[in-house]
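The chains referred to below are lettered A, B, ... by the order of the sequence lines, with proteins before strands, and numbering in each begins at 1.
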There are 2 protein chains.
Amino acid sequence: MLFSKGCTYAIRAALLVAVKETREGRKFIPIRELADELDLSFHFLTKILQVLTEAEIMESFRGPNGGIGLAREANKISLIQIISAVDGMSLFSECALGLPDCGEAKPCPLHQSWSKRREELKRMFEKTTLATLAQDFSKNSFRN
Amino acid sequence: MLFSKGCTYAIRAALLVAVKETREGRKFIPIRELADELDLSFHFLTKILQVLTEAEIMESFRGPNGGIGLAREANKISLIQIISAVDGMSLFSECALGLPDCGEAKPCPLHQSWSKRREELKRMFEKTTLATLAQDFSKNSFRN
DNA sequence: CGGTATTAAGAGTCTCTTGTCTTAATATAT
DNA sequence: ATATATTAAGACAAGAGACTCTTAATACCG
């Protein structure tokens with residue numbers, strides 16, 4: 001598993017919010033609605049989305065007509081921001097063999113090839129935004 | 001974390017065995033010796049290496065002068081074989097968003113970009129063998 | 001003001017990974 | 001045979017990840 005479960009839930013939920021905001025013109029979507037449509041545990045999703053609001057990626061509002069919404073435009077929220085908030089950046093900085101001091105100075109035997117791929121992956125998640133994904137979403141939803 | 005801890009230990013140990021076999025001309029290396037040099041728990045490493053012997057990647061021998069050795073030449077053992085035995089191949093087949101039915105037929109919004117990187121990573125681990133790593137090892141050990 | 005809808009916070013549970021420890025099996029040497 | 005060195009196997013424990021549930025805080029509406 002590349003990401004934790006929580007991280008995949010966060011991405012799915014953020015994407016669904018982005019789609020709903022543009023499609024239905026709503027600002028705040030209740031987490032219960034997201035959990036139902038994504039078939040996820042409401043309480044668990046709530047906790048994960050709290051991380052995104054703390055990271056100022058999303059905004060939340062309590063009470064009737066409350067819910068959660070993007071803190072800025074969908075094309076200003078890249079996947080790396082969500083990944084970083086939920087899972088941290090260790091995937092993109094750590095040695096594949098888990099060696100603590102591996103780096104350019106003291107490379108492990110896998111360092112060259114892995115760090116190259118690692119950077120490519122990172123760049124990919126940096127340039128992919130919720131807006132990018134939302135375009136694809138119109139053709140293929142992820143309730144597959 | 002790309003791999004489980006056990007998987008990184010397995011790769012480190014297998015590589016050390018490869019190096020020791022060629023450098024010192026020994027056929028079986030005691031696991032205790034590997035655990036000491038790699039600074040890993042002996043019992044845990046033993047359990048992980050059992051997986052590699054079951055997968056016929058390594059061979060073991062009990063009793064005095066016993067230990068563990070490669071089941072074939074180092075250039076015939078690719079990292080993907082070790083990874084597959086310990087962690088399975090799910091990293092190279094699963095959807096980045098964890099969606100069960102994601103694939104060419106029903107792609108999630110990340111499918112195109114991730115499956116491409118996934119394949120590249122897989123090929124990299126297929127073509128990297130213990131012999132490849134052992135070359136690098138002569139310059140930089142991994143007790144860093 | 002009181003009821004209701006919603007997120008926030010936090011305790012508690014379940015499961016899987018990681019690691020420890022003990023005992024059994026097996027091979028060697030004397 | 002007996003002692004010793006080693007892997008094999010399996011029970012057990014600690015920790016983290018993945019949920020579950022309950023209560024509190026907040027906002028709206030009548």
### Query
Side chains of B:I29 and B:L16: does their closest heavy-atom pair fall under 4.5 Å?
no
### Message
Does B:K27, at its NZ atom, have more than 12 non-hydrogen atoms belonging to other residues, nucleotides or ligands within less than 6.0 Å?
### Response
yes
### Task
Find the distance B:I31:CD1 to D:dA9:C1' and express it as a whole number of Å.
13 Å
### Query
What's the CE-C1' distance between A:M1 and C:dC16, to the nearest Å?
12 Å
### Task
Would you mind telling me which residue lines up with the more 5' stretch of DNA chain D, B:R62 or A:K47, judged by nearest nucleotide?
B:R62
### Message
Quick one: does any side-chain atom of B:R118 pair with a main-chain N or O of B:L91 as donor and acceptor, under 3.5 Å?
### Response
no
### Query
Can you tell me how far P of D:dT26 sits from CZ of A:F61, to the nearest Å?
12 Å
### Query
Are A:L70 and A:I57 side-chain neighbours, meaning at least one heavy-atom pair lies under 4.5 Å?
no
### Message
Please pick, from D:dA8, C:dT18, D:dC28, the nucleotide with the shortest atom-to-atom distance to any side-chain atom of B:T46.
### Response
D:dA8
### Summary
Per nearest nucleotide of DNA chain C, the residue lying toward the 5' end, A:G66 or A:H43, is A:G66
### Message
Go nucleotide by nucleotide along DNA chain D from the 5' end; which of A:G6 and A:N65 gets its closest nucleotide reached first?
### Response
A:G6
### Minimum-distance nucleotide (side-chain atoms of A:E54 versus D:dA18, C:dA9, D:dA27)
C:dA9
### Message
Can you tell me which nucleotide in D:dA8, C:dA8, C:dG19 comes closest to the side chain of A:T53?
### Response
C:dA8
### Message
I need the CG-P distance between B:L38 and C:dG19, as an integer number of Å.
### Response
13 Å
### Task
Ignoring the backbone of B:F44, work out which of C:dT28, C:dT18, C:dT7 is nearest its side chain.
C:dT18
### Task
Whole angstrom is fine here: how far is it from CD1 in A:I29 over to P in C:dT6?
12 Å
### Message
Whole angstroms only, please: what is the CD1-P distance between B:I48 and D:dA8?
### Response
13 Å
### Query
Base, sugar-phosphate, or nothing: which does A:F28 touch, judged by heavy atoms less than 4.0 Å apart?
nothing
#### Entry: B:E126 CD: over 12 foreign heavy atoms closer than 6.0 Å
yes
### Message
For a quick test of reading the model, state the closest non-hydrogen atom pair linking B:L52 to B:A85 and the distance between them.
### Response
CD2-CB, 4.2 Å
### Among D:dA18, C:dG19, D:dA8, the nucleotide that comes nearest once only the side chain of A:K5 is considered
D:dA18
### Query
Rounded to whole angstrom units, what separation is found between the CG atom of B:L45 and the P atom of C:dT20?
12 Å
### Message
Base, sugar-phosphate or nothing for B:Y9? Non-hydrogen atoms, less than 4.0 Å.
### Response
sugar-phosphate
#### Entry: Side chain of A:S41 (C-beta onward), nearest among D:dC19, C:dT18, C:dG19
D:dC19
#### Entry: Any B:Q50 side-chain nitrogen or oxygen under 4.0 Å from OP1 or OP2 of D:dT7
no
### Query
So what does B:L49 hit on the nucleic acid, given a heavy-atom distance under 4.0 Å: a base, only sugar-phosphate, or nothing?
nothing
### Query
Does the side chain of A:S60 get closer than 4.0 angstrom to OP1 or OP2 of C:dA8 through an N or O atom?
yes
### Message
How many whole angstroms separate atom CG of A:D87 from atom P of D:dA16?
### Response
16 Å
